[in-house]
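All remarks here apply to the structure that follows.
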Protein chains: 2
Amino acid sequence: MRLTAKSEYGLLAMIDLACREGAGPVSARAISERQAIPAKFLEQLFVALRQAGLVSAVRGARGGFALDRPAETITVLDVVEALEGPLRTTVCDGERAAACGKGKACAAAGVWERATSAVRTVFGATTLAELADTQQEFEVSADVPTEAAGGS
Amino acid sequence: MRLTAKSEYGLLAMIDLACREGAGPVSARAISERQAIPAKFLEQLFVALRQAGLVSAVRGARGGFALDRPAETITVLDVVEALEGPLRTTVCDGERAAACGKGKACAAAGVWERATSAVRTVFGATTLAELADTQQEFEVSADVPTEAAGGS
DNA sequence: CTCAATCCCTACTGATTCAGTATGGTTTCT
DNA sequence: AGAAACCATACTGAATCAGTAGGGATTGAG
Ligand code: FES
Ligand code: FES
């Protein structure tokens with residue numbers, strides 16, 4: 001259960017896409033500039049997101065990415081697991097659990113599992129549609145329409 | 001919000017102590033052997049646990065550690081934060097949040113905060129007393145009294 | 001057709017963190 | 001005196017992370 005910059009950048013990119021649902025494909029370069037994400041790093045994230053079936057890509061000039069499903073049906077959990085792999089407990093798990101000799105008889109393991117499960121619930125209950133809404137409200141109330149209106 | 005071996009080992013050690021509450025001090029060596037934790041690594045953890053006020057130490061021969069408060073009043077959150085530092089969000093936080101230019105107007109940040117908060121709730125609601133209970137039930141039902149009875 | 005834009009994919013690297021070890025010191029019981 | 005135990009810091013090999021590099025494949029525009 002470890003969150004890295006992949007999740008941060010990846011979720012920002014997906015929110016950006018959700019804010020433009022319906023319009024044509026959005027290029028990685030555009031997102032990279034709006035969200036201040038290193039361009040080549042973002043490209044790698046999109047490879048994973050596409051392989052997970054969350055976005056579809058249009059290649060060639062004027063190409064880009066778009067959500068492959070309605071934003072209401074994509075959760076943060078989908079995005080995070082596409083980028084970081086299955087959300088699993090990092091302690092009392094796997095080989096170490098076999099090595100400690102306790103097997104299933106470990107009170108600590110239950111705590112870690114409940115914590116992971118709680119995170120999974122939060123992530124699974126939050127959709128891109130909600131986040132896009134929240135983000136756009138932020139940008140309307142502020143004077144800095146980074147997301148909705150084209151800057152220069 | 002990252003959990004490392006410190007938390008795993010530290011919690012195991014604290015559960016071990018909670019199982020022997022009331023008896024005299026327990027040496028780090030004994031815990032290290034029962035829980036299969038590298039001895040010198042465990043010593044470091046106890047330094048942190050003592051500085052956090054969770055355990056008290058008795059120095060010298062026949063010395064050891066004991067819980068400094070009743071097991072009912074020590075939560076997993078106390079243990080984890082003593083060992084890993086404050087449980088904080090690892091994305092959209094600190095310097096990076098300042099650098100991204102969004103400040104408070106970031107929809108993603110809310111998700112990470114809710115996830116961290118959920119973990120904090122789970123950890124804060126679980127006491128060592130409960131875990132010691134659970135662990136001792138495990139050991140009674142199984143034939144392997146690692147925790148309660150002294151092996152040889 | 002040619003070319004630029006864009007996606008696609010793998011490999012590499014410097015920095016950081018982790019897990020564990022090493023070393024030596026201090027305190028206290030026997 | 002000596003052993004047992006806690007105290008504290010420094011060091012190291014391995015793994016992971018964040019980001020870069022380089023090239024290849026596909027497509028629209030002129
Ligand atoms: S599963 Fe091995 S110590 Fe918890
Ligand atoms: S706070 Fe900066 S991107 Fe979320």
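Proteins get letters first, then strands, A, B, ... in listed order; numbering begins at 1 in each. What you see below is based on every heavy atom in this structure, not just the backbone, and it leaves out hydrogens, waters and symmetry mates.
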### Task
Map A/A39 and A/V58 onto DNA chain D by nearest heavy atom, then report which one ends up closer to the 5' terminus.
A/A39
### Query
Think A/Y9 has a side-chain N or O under 4.0 angstrom from the OP1 or OP2 of D/dG19?
yes
## Note on the structure
In whole angstroms, the gap separating C1' of C/dT21 from CD1 of B/I37 amounts to 16 Å
### Task
Please report, rounded to the nearest Å, how far the C1' atom of C/dG25 is from the CD atom of B/E43.
12 Å
### Query
Under 4.0 angstrom, heavy atoms only, what part of the nucleic acid is A/Q51 near: base, sugar-phosphate, or nothing?
sugar-phosphate
### Query
Where the side chain of A/P38 is defined as all heavy atoms beyond and including C-beta, which of C/dA19, D/dT27, D/dT20 is the nearest nucleotide?
D/dT20
### Task
Could you check how far NZ of B/K40 sits from C1' of D/dC6, rounded to whole Å?
9 Å
### Query
What's the closest nucleotide to the B/A61 side chain, out of D/dA3, D/dC7, D/dC17?
D/dA3
### Query
Rounding to a whole Å, what distance do you find between A/F41:CZ and C/dC12:C1'?
15 Å
### Message
Are more than 12 heavy atoms, taken from residues, nucleotides or ligands other than A/R69, located less than 6.0 Å from that residue's CZ atom?
### Response
yes
### Query
Do A/Q44 side-chain and C/dT10 base share a donor-acceptor contact under 3.5 Å?
no
### Message
Is there a side-chain contact between A/T4 and the phosphate of D/dA18, meaning an N or O under 4.0 Å from OP1 or OP2?
### Response
yes
### d(CG, B/L3; C1', C/dA19) in whole Å
15 Å
#### Entry: Min side-chain heavy-atom separation B/T75-B/V80 under 4.5 Å
no
### Task
Rounded off to whole Å, could you give me the CG-to-P distance for the A/L42 and C/dT6 pair?
13 Å
### Query
Do B/R59 and C/dT26 share a donor-acceptor pair, side chain to base, under 3.5 Å?
yes
### Message
Let's see if you can work this out: which of C/dT17, D/dC7, C/dT21 has an atom nearest to the side-chain heavy atoms of B/F65?
### Response
D/dC7
### Closest non-hydrogen atom pair, A/P25 against A/G63
CB-C, 4.1 Å
### Query
Atom CZ of B/R62 and atom C1' of C/dT28: how far apart are they, to the nearest Å?
12 Å
### Task
Select base, sugar-phosphate, or nothing to describe what B/F46 touches, counting heavy atoms under 4.0 Å on all strands.
nothing
### Task
Please state whether the rings of B/F123 and A/W112 are parallel, tilted or perpendicular, taking 30° and 60° as the class boundaries.
perpendicular
### Task
Kindly assign one of parallel, tilted or perpendicular to the pair B/F65 and B/F46, based on the angle between their ring planes and the thresholds 30° and 60°.
parallel
### Query
Taking CD from A/E8 and C1' from D/dA18, how many angstroms apart are they, rounded to a whole number?
12 Å
### Message
Taking the nucleotide of DNA chain C with the nearest heavy atom to each, does A/G60 or A/R50 sit closer to the 5' end?
### Response
A/G60
### Query
With respect to the side chain of A/R2, which nucleotide from D/dC7, D/dT16, C/dT17 is positioned closest?
D/dT16
